[in-house]
Each structure stands twice: as C-alpha cells, then as structure tokens.
Amino acid sequence: MGSSSMAKKGLQQYMWQLQHHPLRTKAITAGVLSGVSDVVSQKLSGIQKIQLRRILLKVLFGAAYLGPFGHFFHMLLDKIFKGKKDKKTVAKKVLIEQITASPLNNVLFMLYYGAVVEGRPLNQVTSTLKKQYPSVQLIAWTFWPVVGWINHQYVPLQLRVIFHSLVAFGWGIFLNLRARSMTLIKA
C-alpha cells in the first residue's frame with residue numbers, strides 16, 4: 001500500500017469518524033493539535049527536555065474544552081443564522097464570535113495555563129491576567145476575525161472546529177515564542 005493510498009484511507013476514516021462521532025472527533029483533534037503545538041513550541045523556544053506534564057495538560061485543555069466548546073458554539077451560530085453564508089450574516093457571526101468566544105477563550109486559557117499548567121497561586125495568575133489580557137485580546141482581534149471570516153464563509157460546519165484548531169496550532173506556537181522573546185528581553 002503506497003503512502004498516498006494510506007493517506008487517502010486515513011482521511012476517509014477520519015471523515016467517517018467526524019460524521020458519526022463529531023463531538024468526540026473534534027475533541028480528540030483539538031487535544032492532539034494542542035499537544036503537538038506545545039511540543040513544537042517547546043522545541044523552538046529552546047527547552048532541552050520536553051515537559052510531558054505540560055503537554056498532557058495542553059492536550060486536556062484542547063480535548064475537554066476547546067473541541068467541545070467549538071463544536072457547540074458553531075452549531076449554535078448556524079442554528080441562529082439558519083446556515084446562511086451571505087456576507088452580512090458572516091459578518092454577524094464573526095462579530096458575535098469576537099465579542100463572546102474570543103474573550104472567553106483567552107481568559108480561560110490564561111487562567112488554566114497559569115494556575116494548572118504552571119501551578120502558580122491564583123492571586124498571582126489573576127494579577128498576570130489583569131496585566132496581560134488586554135494586549136493578548138487586542139492582538140487576537142487583529143488576527144482571529146480574518147480566520148473567523150474564512151471559517152464561516154468557506155468551511156463546512158462539520159470542519160470548522162478542525163480548521164480553527166489547525167490555525168490555533170500555529171497561533172499557539174506564535175504566542176509561546178512571543179512570550180519567550182519577551183522573557184529574554186526582560187532578562
């Protein structure tokens with residue numbers, strides 16, 4: 001069996017799983033991509049020994065929160081707007097996403113990462129959140145609306161969480177490297 005036919009068979013199996021078990025498949029996909037993104041981030045930021053606990057906690061966040069939240073959020077938006085894809089409807093979907101899901105996701109991630117992944121005390125995590133959240137959210141608002149537009153305009157509903165997770169893979173690497181460079185500048 002050639003690698004192209006293996007890839008095709010793998011994609012067909014994945015699409016079957018997505019069709020028959022959408023929530024589970026999106027949760028697993030978001031978890032795996034969150035974990036792999038963290039491995040790449042650790043390597044690119046110069047961490048010599050991969051931090052397995054950190055990776056597993058990122059997988060957990062992706063699988064338990066990001067995948068399921070995205071699944072239900074996109075279904076809700078499509079239900080509210082009856083699956084329409086005209087420019088006005090897409091603009092409304094992106095606006096709703098950016099004033100609800102984007103801030104929520106960023107706050108929850110920052111809290112989870114500080115308290116659970118890094119194990120810092122909650123008062124320290126909330127202090128960091130107050131300082132860093134505004135700039136994180138502003139940066140997100142310069143990037144994610146474009147992703148949201150593409151997602152709502154061109155990507156079929158069942159693939160939106162997967163598309164979002166793939167872009168988040170790169171976004172996570174960018175944020176990790178940015179945080180690392182800020183730490184090096186301060187040192």
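Counting only heavy atoms from C-beta outward, the side chains of Val39 and Ile55 approach each other to under 4.5 Å. Leu77 places a side-chain heavy atom less than 4.5 Å from the side chain of His152. Residues Tyr154 and Lys85 are not in side-chain contact: their nearest non-hydrogen atoms beyond the backbone lie 4.5 Å or more apart. No side-chain heavy atom of Phe61 sits less than 4.5 Å from a side-chain heavy atom of Val116. With a 4.5 Å cut-off on side-chain heavy atoms, Val167 and Trp144 count as touching. You'll find the side chain of Lys49 stays beyond 4.5 Å of the side chain of Gln42, heavy atoms only. Between Leu57 and Tyr113, the closest side-chain pair of non-hydrogen atoms is not below 4.5 Å. Between Val59 and Ser34 the shortest side-chain heavy-atom distance does not fall below 4.5 Å.
Checked against side-chain contact (heavy atoms from CB on, under 4.5 Å), Lys88 has the following partners two or more places apart in sequence or in another chain: Asp86, Lys92. In this structure, the side-chain hydrogen bond (donor to acceptor under 3.5 Å, both in side chains) partners of Ser41, at least two apart in sequence or on a different chain, are Asn176. With sequence neighbours excluded, the residues satisfying side-chain contact (heavy atoms from CB on, under 4.5 Å) with Arg120 are Glu118, Gln124, Val125, Thr128. For the side-chain contact (heavy atoms from CB on, under 4.5 Å) test, residues two or more places apart in sequence or in another chain that qualify with Pro156 are Gln158, Leu159. In terms of the ring-ring contact (aromatic ring centres under 6.0 Å, His included) criterion, residue partners of Phe143 (sequence neighbours excluded) are, by chain and number, Trp171. Applying the side-chain contact (heavy atoms from CB on, under 4.5 Å) rule to Lys43 yields the partners Ile50; only residues at least two apart in sequence or on another chain are considered.
Distance alone, capped at 3.5 Å, is enough to place a donor-acceptor pair between the Thr25 side chain and the Gln17 backbone.
Applying the salt bridge (charged side-chain N to carboxylate O under 4.0 Å, His left out) test to every pair with at least one member in residues 157-174, sequence neighbours left out, gives these pairs: Asp78-Arg160. Under the side chain to side chain donor-acceptor pair (under 3.5 Å) criterion, the residue pairs touching residues 57-67 are Asp38-Lys58, Tyr65-Asn105, with sequence neighbours excluded.
Here the CD atom belonging to Gln12 is positioned 7.0 Å from the NZ atom belonging to Lys9, to the nearest 0.5 angstrom. For the atom pair Leu104 CG and Phe69 CZ, the distance stands at 5.0 Å (nearest 0.5 Å).
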Exercise for the section: Please step through side chain to side chain donor-acceptor pair (under 3.5 Å) for the pair Glu97 and Ser102, ending with a clear verdict. Expected result: CA-CA 6 Å; Glu97 185 174 58; Ser102 178; over 6 Å; no

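Residues Leu138 make up the rest of the hydrophobic cluster containing Trp141, defined by ILVMFWY side-chain heavy atoms closer than 4.5 Å, directly or through other members. Hydrophobic side-chain contacts under 4.5 Å tie Val94 into a cluster, directly or through other members, with Val90, Trp149. Here Phe72 is tied into one hydrophobic group with Leu23, each link being a pair of ILVMFWY side chains closer than 4.5 Å. Clustering of Ile, Leu, Val, Met, Phe, Trp and Tyr by side-chain heavy atoms under 4.5 Å joins Leu56 with Leu52.
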